[in-house]
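Numbering of residues begins at 1 and proceeds along the displayed sequence. Both counts, for ligands and for their atoms, begin at 1 and track the order of listing.
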Amino acid sequence: MSEDALVAAAKAARMRAHAPYSQFYVGAAAESTSGEIAVGANMENACYRLGVCAEQSALTAAQQAFGLENVARIAIVGGHRTDTAGGNGAITPCGGCRQAIAEAAGRAKADIAVICCDAAGEAREHYTIAELLPASFSLDPDAAGG
Ligand code: THU
C-alpha cells in the first residue's frame with residue numbers, strides 16, 4: 001500500500017473520532033507487513049481521564065485483525081475538528097502512545113515507521129518508534145526498543 005493510501009485511511013478514521021470535549025480529532029492507521037490495515041480514532045469520555053488516543057485505538061484493532069507482531073507502519077493525522085484543510089502542523093504521538101507503539105515493535109522484533117501528519121495529511125514528518133522513544137522500558141529485555 002502506498003503511503004498516501006495509508007494516510008488517507010487515517011484521515012477517514014479521524015473524521016469518525018469521538019472528541020466532543022477537546023474538539024481535537026486524531027486518526028491512526030496501522031499497516032501490517034502484508035499490507036492489511038487497521039484504523040482507530042480518539043474516543044473521549046465524559047470522565048476525561050478515560051479517553052483513549054487514536055494510536056491505542058488503532059493498535060487494539062490491529063491486534064485483533066492481524067496481530068501486533070505484524071505491525072510495520074502507522075500513520076497519524078490530527079488537528080482541531082475544523083482543521084480539515086490542514087496547515088496546523090504535523091502532530092506526533094503522546095508519550096503513552098509511543099510506549100504502545102514500542103510494545104508492538106517489541107512483539108514484531110522490528111522497528112515501526114511512524115508517519116506524523118497534519119489534519120489534511122499533507123504536512124508529514126517521518127520517524128521510527130526507536131527515534132521517538134529511545135531506550136524504552138520493557139519487561140522483556142529481548143523486546144526492548146523495537
Ligand atoms: N490524542 C490522540 O488521540 N493521540 C495522541 O497522540 C495525542 C492526543 C487525543 C487525546 C484527546 O482525545 C485529544 O487528542 C486531545 O488531547
Could you tell me whether Asp4 and Lys11 make a salt bridge, using a distance below 4.0 angstrom between a side-chain N and a carboxylate O? no
Could you list all the salt bridge (charged side-chain N to carboxylate O under 4.0 Å, His left out) pairs where at least one residue sits in residues 25-51, not counting sequence neighbours? Glu31-Arg73
Put together the list of close N/O pairs, under 3.5 Å, between ligand 1 and the protein, could you?
residue	atom	partner	partner atom	Å
ligand 1	3 (O)	Ala54	N	2.8
ligand 1	4 (N)	Glu55	OE1	2.8
ligand 1	6 (O)	Glu55	OE1	3.4
ligand 1	6 (O)	Glu55	OE2	2.7
ligand 1	6 (O)	Cys94	N	2.9
ligand 1	12 (O)	Asn42	ND2	2.9
ligand 1	12 (O)	Glu44	OE2	2.5

Asp118 side-chain N/O to Gly86 backbone N/O, donor-acceptor pair under 3.5 Å: no
N/O donor-acceptor pair under 3.5 Å between Glu103 side chain and Ala100 backbone: no
Is it true that a side-chain atom of Asn42 and a backbone atom of Gly51 form a donor plus acceptor pair closer than 3.5 Å? no
Would you say Glu69's side chain and Arg107's backbone share a donor-acceptor pair under 3.5 angstrom? no
